[in-house]
Amino acid sequence: MTVVYWLAYGLLAAGALLSLVRLARGPSLLDRVVATDTLLVIIAAGLAVHAALERDPTVVPVLVVVSLLAFVGSVSVARYIGGMMLRSPKNEPADQPAGEVPR
Amino acid sequence: MNDISSVGDVVAVVLLLIGSFLCLTAGLGVLRFPDVLTRMHAGTKPQVLGFLLIMLGGAIRLQGWSTTWMLLLVAAFQMLTAPVSAHMISRVAYRRRHVRRDLLLVDDLRSGEARDSVYRGDEPADAPPEEPGRALVESRREDEVHRDDGAQREDGADRERPS
């Protein structure tokens with residue numbers, strides 16, 4: 001049992017550390033968004049592993065909150081970066097249907 | 001109570017270990033891959049498969065219907081929201097030229113959405129991969145090249161079409 005504990009938490013911690021390094025080093029904002037998303041998923045997975053190994057269902061509602069938070073955070077930052085992006089002036093038909101793209 | 005006593009416990013522990021291993025691979029991929037799209041490709045592996053495996057292991061090991069339903073809710077929510085956030089992040093990444101285009105083999109959006117990838121005004125504090133002026137010039141050149149290309153293809157399509 002101890003071996004399982006160490007192995008599971010070790011793998012999760014290694015993954016979290018690697019994505020944390022990417023979060024610190026990431027050259028652009030979107031890299032940090034992706035790294036934050038991965039980090040939150042790994043944290044939720046760690047909570048679930050704790051709940052499963054200890055047979056302790058008290059942290060299960062926290063899982064719902066963490067996964068919801070990850071979604072809301074990444075989508076809002078992505079929309080914020082997309083809002084920074086203005087269209088170039090020669091692209092006047094703003095709502096061009098996608099069917100006009102030559103394939 | 002915490003021991004591994006039955007077959008179900010062994011299965012649950014194996015599922016938990018596989019899920020943890022997928023989290024490690026996600027960290028590796030997020031650190032090692034070259035651009036946003038490939039990092040997201042690696043990072044969404046545990047987001048669906050690893051998370052589902054860990055939820056399954058937890059549902060086997062935590063007996064009781066209320067926790068099982070809650071874990072099922074979390075898994076369904078994750079499967080519902082992962083494509084949405086991935087779509088939004090990758091769309092913004094493509095338009096803001098955070099993609100290593102020299103590593104792409106197929107680029108279906110090149111003549112379509114790449115046209116509005118030139119950004120002006122609010123630039124993020126982190127350095128964009130290309131200069132705005134050079135990106136503008138390059139995108140205009142790409143537009144012209146692809147407009148010609150598209151016109152030729154449309155002609156070809158008209159010729160092929162029996163009228």
So if you build clusters from Ile, Leu, Val, Met, Phe, Trp, Tyr with side-chain heavy-atom gaps below 4.5 Å, do [X] and [Y] land together?
{"X": "Leu47(A)", "Y": "Val65(A)", "value": "no"}
{"X": "Leu16(B)", "Y": "Tyr5(A)", "value": "yes"}
{"X": "Leu69(A)", "Y": "Phe71(A)", "value": "no"}
{"X": "Leu63(A)", "Y": "Ile54(B)", "value": "no"}
{"X": "Phe33(B)", "Y": "Val33(A)", "value": "no"}

Problem - Heavy-atom side-chain proximity of Leu62(B) to Val60(A) below 4.5 angstrom - result: yes
Problem - Flag side-chain contact, heavy atom, 4.5 Å: Cys23(B) against Leu11(A) - result: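 They are not in contact (no side-chain heavy atoms under 4.5 Å apart), so the answer is no.
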Exercise for the section: Please assess Ser19(A) against Leu31(B) for the test side chain to side chain contact (heavy atoms under 4.5 Å, CB included), listing each intermediate value before the final yes or no. Expected result: CA-CA 6 Å; Ser19(A) 65; Leu31(B) 188 61; over 6 Å; no
Selection from [options] maximising heavy-atom pairs under 4.5 Å formed with chain B:
{"options": "Ser67(A), Ser74(A), Ala14(A)", "value": "Ser67(A)"}
{"options": "Leu17(A), Val34(A), Val77(A), Val21(A)", "value": "Val34(A)"}
{"options": "Val64(A), Leu23(A), Leu20(A)", "value": "Val64(A)"}

Handout entry: Interchain contact, Gln78(B) with chain A, by part (heavy-atom threshold 4.5 Å)
Key = side chain
Problem - Side chain, backbone, both or neither of Phe21(B) within contact of chain A (heavy atoms, under 4.5 Å) - result: both
Practice task
Against chain B, label Leu39(A) side chain, backbone, both or neither, depending on which of its atoms sit under 4.5 Å from a heavy atom there.
Solution key: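 For Leu39(A), no heavy atom lies under 4.5 Å from chain B.
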Exercise for the section: Can you tell which part of Ala16(A) gets under 4.5 Å to a heavy atom of chain B, answering side chain, backbone, both or neither? Expected result: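 Neither part; nothing is under 4.5 Å.
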Exercise for the section: Determine, stepwise, if the pair Leu18(A) / Val30(B) fulfils side chain to side chain contact (heavy atoms under 4.5 Å, CB included). Expected result: CA-CA 7 Å; Leu18(A) 291 174; Val30(B) 164; over 6 Å; no
Problem - Non-hydrogen atoms of Leu17(B) and Val4(A) that approach each other most closely - result: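 What the structure gives for the nearest pair is CD2-O, 4.2 Å.
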Practice task
Any chance you could measure Leu30(A), atom CG, to Met88(B), atom CE, to the nearest 0.5 Å?
Solution key: 11.0 Å
Practice task
Quick one: pull up CZ in Phe51(B) and CD1 in Ile42(A) and give me the separation to the nearest 0.5 Å.
Solution key: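 These two atoms lie 11.0 Å from each other.
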Handout entry: side chain to side chain contact (heavy atoms under 4.5 Å, CB included) assessment of Asp9(B) paired with Arg55(A)
Key = CA-CA 11 Å; Asp9(B) 284 345; Arg55(A) 287 190 203 274; 3.0 Å; yes
Exercise for the section: For the pair Arg39(B) and Asp37(A), find out whether any cationic side-chain nitrogen is under 4.0 Å from an anionic carboxylate oxygen. Expected result: no
Exercise for the section: For Val49(A) and Ser20(B), run side chain to side chain contact (heavy atoms under 4.5 Å, CB included): C-alpha distance rounded to whole Å, both residues' side-chain angles, the deciding distance at 0.1 Å, then the answer. Expected result: CA-CA 8 Å; Val49(A) 165; Ser20(B) 308; 4.2 Å; yes
